Amino acid sequence: MSYLGIVLISVFSANVLLVYGLGVCPAVKRERKSPLSALVALTLTNLMAALLLWSIRVLVLAPLGLSALEPIMFMALVAPLVKYAARAGANAGAVFAKIGALADESAVSCLVFGVALTTARSDYGFFAAVASSAAASFGYWAALVLLDALRERLELADLPVAMRGAPAILASAGLMAMAFMGIDAGFIRNMVG
Amino acid sequence: MGAPRDAFTPDPVLGAFLGLCPLVAAARDFASGMILGLGVALSVPLLGLAARSLRTMAPERLRAPGALVLAAGFAAVYALIIAAYSPLLATGLDIYLPLLAANCLTLAALKRGLRSEQEGGGGLRGMVIMAGFYLLAAMAISALRELVGLGRLSLPHAGLAPRVLVLTTSPPFRLLASPAGGFMLLGLVAAVYRWALRRRGRRLP
């Protein structure tokens with residue numbers, strides 16, 4: 001598959017938030033906007049975690065038939081390395097402090113582990129894995145931005161008390177998920193190869 | 001009931017909105033919902049207890065990484081058990097079995113276990129109640145999704161495939177079996193839950 005196809009599928013028809021349901025809990029409860037620093041932090045964290053787990057799986061676990069050890073490898077090797085890199089980045093200067101702190105915060109989460117697992121378990125080569133994990137981060141961030149915009153509108157809407165807040169966000173996320181899943185992976189493959 | 005009322009008790013799914021990822025995407029049939037719910041329900045008290053033991057046994061620098069590795073070990077063993085019990089079910093659950101290691105509730109249980117000094121049986125009781133509620137919510141939501149979305153009910157069954165009870169070949173609302181339907185159903189169930197709480201004069205979560 002072409003890199004463009006991988007990116008489009010990761011952003012739309014296999015969106016990590018709306019289709020895989022990863023990172024739903026913070027997305028439902030969050031009340032702040034999604035700044036660009038969050039996108040950079042998320043992309044760097046996901047890239048590092050996904051590529052490390054991909055390498056460990058391809059070079060060690062799969063040849064030895066030990067794929068069941070993926071979670072242990074992630075928690076014992078990948079997450080500490082990502083956290084270490086994030087903290088080093090945060091101490092490198094004021095510009096990186098916020099990005100490093102965000103990356104450190106999200107290193108151990110179902111979103112980062114989920115993206116790393118889906119990338120590692122795919123049949124992608126190295127550069128396709130890079131494209132896939134970066135696009136997955138962008139897809140998550142884009143979905144968050146859309147949900148934030150919806151949240152603003154919903155705050156002004158005349159909803160029943162029980163439906164206000166998280167229930168309305170979940171129902172809206174369902175409608176968004178329908179739209180994202182409507183962009184079919186087969187259609188993308190036919191269009192861009 | 002003297003259990004402390006916080007994010008752990010009594011409604012992690014519909015009140016605190018924690019541990020939603022498996023319920024939204026993977027729990028599209030009863031068997032999957034039950035297996036995932038059971039995984040979280042078992043991991044929370046067990047890992048909470050293990051984290052408490054780590055607090056007394058391990059040096060401070062190693063406690064948090066050690067607790068995470070324990071969670072990963074639990075997820076790996078649970079995935080292997082499910083793969084041996086029902087290989088098709090394990091294949092269908094794909095990444096969601098190893099993901100139990102990073103479930104929000106599991107991580108919250110670890111955090112609570114590592115920092116709990118004053119809690120005796122109350123802390124554990126809170127975790128057990130919460131785990132029970134999570135399991136109930138996972139089973140109810142997945143059963144509803146499968147009944148309405150697929151017109152059938154599947155039960156975990158040792159062997160190649162789950163045992164399936166087909167109720168209708170033309171299900172009324174197929175969307176519920178998809179992640180989009182999972183989001184919508186969860187939102188509606190949460191709204192009904194909040195409405196019921198309000199009617200009984202309880203505070204909305």
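Each chain gets a letter, A, B and so on, in the order its sequence line appears, and its residues count up from 1. These figures come from a predicted structure and were not determined experimentally.
Here the straight-line distance linking atom CG of B:L99 with atom OH of A:Y20 works out to 11.0 Å at 0.5 Å rounding. We find the CG-CG distance between B:D94 and A:L117 to be 8.5 Å, quoted to the nearest 0.5 Å. To the nearest 0.5 Å, atoms CG (B:L175) and CG (A:L175) are separated by 9.0 Å. Note that SG of A:C25 is 7.0 Å distant from CG of B:N103, once rounded to the nearest 0.5 Å. B:F183 contributes atom CZ, which lies 11.0 Å from atom CD1 of A:I169 (distance to the nearest 0.5 angstrom).
With a 4.5 Å cut-off on non-hydrogen atoms, A:M181 touches chain B through its side chain but not through its backbone. Neither the backbone nor the side chain of B:L70 comes within less than 4.5 Å of any heavy atom of chain A. Of the two parts of B:P98, the backbone and the side chain both hold a non-hydrogen atom closer than 4.5 Å to a non-hydrogen atom of chain A. If you measure heavy-atom distances from B:A76 to chain A, the contacts under 4.5 Å come from both the backbone and the side chain. Both the backbone and the side chain of B:L68 come within contact range of chain A, each with at least one heavy atom under 4.5 Å from a heavy atom of that chain.
Taking each heavy atom of B:C21 and A:L22 in turn, the nearest pair found is CB-CA, 4.3 Å. Minimum heavy-atom separation, A:V19 to B:A25: O-CB, 3.7 Å. The minimum heavy-atom distance between A:G114 and B:I95, with the atom names listed, is O-CD1, 4.3 Å. Scanning all heavy atoms of the two residues, the minimum distance from B:A72 to A:M75 falls at CB-CG, 3.5 Å.
Within the 3.5 Å criterion, the main-chain N or O of A:P167 finds no donor-acceptor partner in the side chain of B:R194.
Around OH of B:Y85, the count of heavy atoms belonging to other residues, nucleotides or ligands within 6.0 Å exceeds 12. Within a 6.0 Å sphere centred on OH of A:Y140, other residues, nucleotides and ligands contribute more than 12 heavy atoms.
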- Query: Can you list the steps and then say if A:L170 with B:F17 is a side-chain contact (heavy atoms from CB on, under 4.5 Å)?
  - Reply: CA-CA 10 Å; A:L170 280 168; B:F17 296 103; 3.8 Å; yes
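Interface remark: of the candidates A:G21, A:A177, A:A179, A:P80, A:G21 forms the most heavy-atom pairs closer than 4.5 Å to chain B.
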